[in-house]
Amino acid sequence: MTLKELFYKLLRFKSITPDDDGSFEFIKSYLKDFKAIHVDVEDTKNLILYKTFGNGIHLSFAGHIDVVPAGDKWDSDPFEPMQKDGFIYARGTQDMKSGVCAFLSACKSVEKFNGTLSTLLTSDEEGDAKHGTIEILKYLKNHDFLPDAVVVAEPTCDKVFGDSVKVGRRGSINGVIELFGLQGHAAYPEKAKNTIHQIAPLINKLAGHFLDDGDEFFAPSQIVLTDIRSGHEVTNVTPGHLKLMFNVRNSTKTTKQDVQNYINETLKGLDFKLSLSQGSFPFMTNKNSDLIAKMTKAVKEVTNITPKHSTAGGTSDARFMGEFGIDVVEFGTKNDTIHAPNERIDFTEVEKLEKIFSLLVNKYNEN
């Protein structure tokens, strides 16, 4: 099976979260020389494939087979790959069946390796991810089989293929502020406690406020207001309640407690309630790790580009590797059409990605 045939086969699976649509059975047959472990939880399927060649490092390639719903405004069937104008169109071409295709092909071609090679696959990354990669890692930890290094094949490149390797991710803190006042008549503002008037002088201390100054890898942690609502949509009644929502993509320099302390100090003297939740935690792989060095060299050798080391973007399953103290990087294709109608990819990126992953494996053999 050629690389393109493998890619088309994966794209045809209608694997909308959390349905793998039979893809894992196919992948097992494709890597038939690898041992398989199923870690299924509720409606999520998780598949570990591994092969031990020697007693050295345990290197894993991780990814998700699931895709977001296709939606409308497609010019072709989103689950029947179409080649046009130098691109392949289908749901998942970038996010992230390209990455899965590349590392499956790279692993299949390995004849020798100084250690264990594995792939970690889930059918729930695009959803809540409660029963996906985190359950794989729990299983591996319980069986003393956690990998030493993981490559998550998410689409990471920005302008051109090869320009970015992600070496960490920001965390995500969600916040809800409820402000309590006293509803009243607009003609008698002195008899009310107008919650809009209460928050107005403080908005500039919340909106866009930097909680830290960032560093060489992380942008500053910033309060981003996402919703404000209050009142009754009439002109003669002042509001007695206000709800404000925000998000902070936090670096390793800011914690949920830091956010709480800042909000409490800023709103001191007002009657309010603050609710905070941490959706994901920030992590950073040691910049001097072998994994980052070898991945950077592999990308440069194939693309002639020295990739920047980035932590930008949203969350990914790499955050779970960080929680378990595993060295992890993310590298994949460009991400300019992910989740969009007519998602597409230049197939040469898949070919180069497969070469980079194969080269990375070889670099570990050089040790």
Side-chain angles (χ1 to χ4, degrees), residues 3-27 42-47 63-102 104 121-133 152-161 164 166 169 172 174 224-229 245 247 249 279-280 312-318 330 332-351 353:
L3 185 66
K4 182 173 281 189
E5 288 171 339
L6 172 61
F7 192 38
Y8 275 37
K9 180 72 174 180
L10 294 174
L11 291 172
R12 289 189 175 108
F13 287 108
K14 197 173 183 179
S15 51
I16 300 171
T17 313
D19 185 9
D20 80 311
D21 194 33
S23 60
F24 282 173
E25 288 303 313
F26 163 72
I27 291 171
E42 295 187 7
D43 56 358
T44 297
K45 291 186 177 180
N46 301 302
L47 176 65
H64 60 90
I65 199 66
D66 62 312
V67 296
V68 298
D72 54 12
K73 296 184 180 180
W74 281 76
D75 296 331
S76 60
D77 184 342
F79 292 101
E80 181 55 47
M82 180 190 72
Q83 190 162 349
K84 179 182 177 183
D85 301 329
F87 293 94
I88 296 173
Y89 291 80
R91 175 57 84 219
T93 47
Q94 290 187 338
D95 191 12
M96 63 171 291
K97 292 182 179 180
S98 52
V100 172
C101 175
L104 289 177
L121 288 158
T122 183
S123 69
D124 182 13
E125 190 272 349
E126 298 291 4
D128 292 335
K130 291 181 179 179
H131 305 306
T133 297
V152 180
E154 286 281 0
T156 59
C157 298
D158 186 20
K159 301 299 182 183
V160 296
F161 177 73
S164 179
K166 293 195 185 298
R169 289 277 189 165
S172 180
N174 296 313
V224 177
L225 304 189
T226 58
D227 191 80
I228 301 177
R229 56 190 64 201
M245 304 177 76
N247 176 263
R249 296 302 168 111
S280 61
T315 60
S316 77
D317 277 359
E330 299 173 66
T333 64
K334 288 194 297 185
N335 64 2
D336 56 340
T337 62
I338 61 173
H339 294 198
N342 297 316
E343 183 179 353
R344 69 181 191 178
I345 197 169
D346 181 340
F347 185 68
T348 62
E349 293 186 28
V350 187
E351 294 175 316
L353 186 60

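Please read all numbers here as calculations on a predicted model, not as lab measurements.
Atom NZ of K45 sits in a sparse spot, with 12 or fewer heavy atoms from other residues, nucleotides or ligands closer than 6.0 Å.
For the pair K4 and F347, the cation sits on the ring face: its NZ or CZ lies under 6.0 Å from the ring centre, inside 45° of the axis. Relative to the ring axis of F79, R12 does not place its NZ or CZ within 45° and under 6.0 Å from the centre.
Nearest heavy atom pair, residue K334 against residue Q94, reads O-CD, 3.1 Å. Looking at every heavy atom in both residues, G127 comes nearest to T17 through N-CG2, 3.7 Å. Smallest separation of non-hydrogen atoms from S316 and E330: OG-OE1, 3.0 Å.
For the pair H64 and E154, the minimum side-chain heavy-atom distance is below 4.5 Å. A 4.5 Å side-chain heavy-atom check between T93 and L11 finds at least one atom pair inside the cut-off. At a threshold of 4.5 Å between non-hydrogen side-chain atoms, the residues C101 and V350 count as touching. Contact of the I88 side chain with the Y8 side chain is registered, since non-hydrogen atoms from C-beta on lie closer than 4.5 Å. Looking only at side-chain heavy atoms (C-beta outward), H339 and E126 come within less than 4.5 Å of each other. Residues I65 and F24 meet the side-chain proximity criterion, which asks for heavy atoms closer than 4.5 Å.
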Legend entry - Test log, rule side-chain contact (heavy atoms from CB on, under 4.5 Å), inputs S172 and N247: CA-CA 7 Å; S172 180; N247 176 263; 3.1 Å; yes
Legend entry - Steps toward side-chain hydrogen bond (donor to acceptor under 3.5 Å, both in side chains) verdict (S123, N46): CA-CA 6 Å; S123 69; N46 301 302; 5.6 Å; no
Inset, instruction - Check step by step if side-chain contact (heavy atoms from CB on, under 4.5 Å) holds for E343 and Y89. - result: CA-CA 6 Å; E343 183 179 353; Y89 291 80; over 6 Å; no
Inset, instruction - Could you walk me through whether E125 and T133 pass the side-chain hydrogen bond (donor to acceptor under 3.5 Å, both in side chains) test, one step at a time? - result: CA-CA 8 Å; E125 190 272 349; T133 297; over 6 Å; no
Inset, instruction - Determine, step by step, whether I27 and L10 satisfy the side-chain contact (heavy atoms from CB on, under 4.5 Å) criterion, reporting the C-alpha distance in whole Å, the side-chain angles of both residues, the deciding distance to 0.1 Å, and the verdict. - result: CA-CA 9 Å; I27 291 171; L10 294 174; 4.2 Å; yes
Inset, instruction - Test side-chain contact (heavy atoms from CB on, under 4.5 Å) on R91 and W74 and set out the steps. - result: CA-CA 10 Å; R91 175 57 84 219; W74 281 76; 3.6 Å; yes
Inset, instruction - Show your working on side-chain hydrogen bond (donor to acceptor under 3.5 Å, both in side chains) between T122 and D124 and close with a plain yes or no. - result: CA-CA 6 Å; T122 183; D124 182 13; over 6 Å; no
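The backbone N or O of F161 lies less than 3.5 Å from no partner atom in the side chain of E349, so there is not a single donor-acceptor pair. In terms of modelled atom types and a separation under 3.5 Å, the side chain of N335 and the main chain of I338 share no donor-acceptor contact. Panel note: side chain T156, backbone S164; a donor-acceptor pair is recorded below 3.5 Å.
Salt bridge status for D21 with K14: absent, with no side-chain N to carboxylate O gap under 4.0 Å.
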